Amino acid sequence: MDIEVDALVVGAGFAGLYQLHCLRDRVGLRTVVLEAGGDLGGTWYWNRYPGARCDSESHAYRYFFSRELNEEWEWSERYPGPPEIRAYLGRVAEKFDLRREIRFGCRAVSAHYDETANRWRVETDTGDRYTATYLVAAVGCLSSANIPDISGLADFAGKWYHTAHWPHEGVDLKGKRVGQVGTGSTGIQAAPVIAETAAHLTVFQRTPTYSVPARNGPLSAEFKRWVRENHEEIRAIACSTPNGHAFRIAKRKVADVSPEERQAIYEAAWEVGGLQFRATFHDLMIDQAANDTAAEFLKGRIRAVVRDPQTAAALSDIDHPYAAKRPPIDTNYFETFNRDNVALVDLRTDPIERITPSGIRTRTREISLDVIVFATGFDAMTGPLLAMDIRGRGGRTLREDWIAGPVTYLGLQVPGYPNFFTVTGPGSPSVLTNMPVAIEQHAEWIADCIAHLRAKRIDAIEADADAARKWGQHVNEAADATLLSKAKHSWYYGANVPGKPRVFMPYAGGMARYRRTCDEVAANGYTGFVLGLGGAQAGAKSVEFGAAGGAPGI
Ligand code: NA7
């Protein structure tokens, strides 16, 4: 089928849904959304592993554009789980009548820019062909699963699963010997729940990591009322913090308080739980000595909880500053290692050699397994974009153009790809923030930009190559101004995927500052973008981003 639309959006998660609403209902475009999954939800459609839960607190994990929507929706727990998030998105789709524009079970496989027609030609795995003036990738940052290439996997006689492709009908782990590879945010959520059902769980840990208790629980009627009545205040905080969460980062520095006060502050934050721990001091992410104090506190907690000294040492021997890699939050993760049916394998001293038909063989032993769970993360940020065959001007491919790492202007556009936008693309704060807040800002900016083009009868917008180069430098400088640059083996640098270029991908300058930059760019006539084909109506190209630094998100 050949279908002509004004705008084509790829992905029906938080980003695609809101982008559809903005483009169709605010700008008035004929818009279609392509979604590979069988229903709404994006990451929450696919991630159904045991213990899956959002790390953002529910009162801020939502759209803020509609007060009415907020009044009609109540989260039940402090951190929502996938079924409740899917129900929320279902409610959004129903309220704004979004489903009729979404084609489920339809994956965009290629998107080629036709220079002569100034149109995007998109093909799907269902054989449909779309032609669109505007193409928006709302494909998510963490949607391309990273399945490690460990020899022997094909011969494994048991079952194996990646957490991001968990079977919708669930997996019965009762009585099974389970091996879990990976101890990031996902593995830390999964292990305690798997251990409750499985006969035995072996956790294979490559890099130990910090974790703070999530302290999940049902929300009180009083809190729910407070959320309903304080929509604007919560929104204002989430839009003004570097991380898009609805809590402020303390202004004090670690050195401003005595060691006793510091200890009391950390203990109180530990009791509150969650990502707010990162907000205890202003300089945790910019000063190594300050960070060391938080790191020591958290390592001490691991040693206090885990009874076996060897296991405690392996779990707490952490080699990077706190929050320099994505900081997980957990429910009884370290406590799980006190169970009789749980064991830890430290891959730094005893690496995996291969998978055998009956389990995993490390350098020193063979561990028999019925099930392997890969909680091994994602080909983050660039993976979902590069999975499509995207071609811009002159037939150049995005894969060629990003061979040394992603090149974007503001994480919104790529030079050479007119009228192609990315929601929370590489070079934007994205994964360092509470995602819905970053998504809302991008979707609105893109819609306003397209409305501007149409009002002024401008046929195209494209990132200027020089502006993108400068933005790339700024993204690097912003990371280097923080301790994020001290964990070069993080997925923020693409280090978890063999062969991936080591480039810091998200923007660490903070969401609030980034929002101001995007607003200024638009207010000044889209500086750094070329407006109109051939640059006849080029926007002013001079573009300054100020000094890097500041408190990054988490
Ligand atoms: P992460 O944070 O990338 O964690 C993946 C884990 O898997 C991490 O412990 C990795 O160790 C480990 N891993 C990856 N590849 C291997 C191989 N080949 N062998 C052993 N261990 C491996 O992904 P998550 O899904 O936990 O979290 C992603 C985001 O989702 C999270 O930040 C939230 O935003 C939600 P490594 O640290 O690379 O040594």
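Here the structure is a predicted model, which means the values were calculated and not measured. Values below: every heavy atom of this structure, side chains too, minus hydrogens, waters and symmetry copies. Atoms within a ligand are numbered from 1 in the order they appear, just like the ligands themselves.
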For [atom], closest protein heavy-atom neighbour:
| atom | value |
| --- | --- |
| atom 6 (C) of ligand 1 | Ala375 O, 3.3 Å |
| atom 14 (C) of ligand 1 | Arg206 NH2, 3.5 Å |
| atom 4 (O) of ligand 1 | Gly184 CA, 3.5 Å |
| atom 39 (O) of ligand 1 | Thr207 OG1, 2.4 Å |
| atom 9 (O) of ligand 1 | Thr183 N, 2.9 Å |

Considering all heavy atoms, the nearest Ile194-Val178 contact:
CG2-CG1, 4.0 Å
Looking only at heavy atoms, what is the nearest atom pair of Val139 and Pro384, with distance?
CG2-CB, 3.7 Å
Contact with ligand 1 for Trp491, non-hydrogen, under 4.0 angstrom:
yes
Could you establish whether Lys325 and ligand 1 come within less than 4.0 Å of each other, counting only heavy atoms on the residue side?
yes
Does the cation-pi check pass for Arg301 over Trp270, that is, NZ or CZ under 6.0 Å from the six-membered ring centre and within 45° of its axis?
yes
CD1 (Ile249) and CD (Gln276) are apart, to the nearest 0.5 Å, by 11.0 Å
What atoms in ligand 1 come closer than 4.0 Å to a heavy atom of [X]?
| X | answer |
| --- | --- |
| Pro148 | 18 (N) |
| Thr186 | 24 (P), 25 (O), 26 (O), 27 (O) |
| Leu347 | 20 (C) |
| Leu142 | 29 (C), 30 (O), 34 (O) |

Considering only heavy atoms, does [X] approach ligand 1 within less than 4.0 Å through its side chain, its backbone, both, or neither?
| X | result |
| --- | --- |
| Phe378 | side chain |
| Val181 | side chain |
| Ser490 | neither |

Among Gln205, Arg326, Arg348, the residue with a heavy atom nearest to atom 34 (O) of ligand 1 is Arg326
Looking only at non-hydrogen atoms, the one of Ala164, Gly377, Gly182, Ser56 nearest atom 12 (C) of ligand 1 is Gly182
Would you please indicate if the ring centroids of [X] and [Y] are separated by under 6.0 Å?
| X | Y | result |
| --- | --- | --- |
| His165 | Phe374 | no |
| Phe65 | His21 | yes |
| Trp471 | Tyr507 | yes |

Do Val203 and Tyr333 make a side-chain contact, defined as non-hydrogen atoms from C-beta onward lying under 4.5 Å apart?
yes
Measuring only between side-chain heavy atoms, which start at C-beta, is Tyr79 closer than 4.5 Å to Glu57?
yes
Please test Tyr210 against His320 for side-chain hydrogen bond (donor to acceptor under 3.5 Å, both in side chains), starting from the C-alpha separation and ending with a verdict.
CA-CA 9 Å; Tyr210 308 93; His320 53 274; 5.7 Å; no
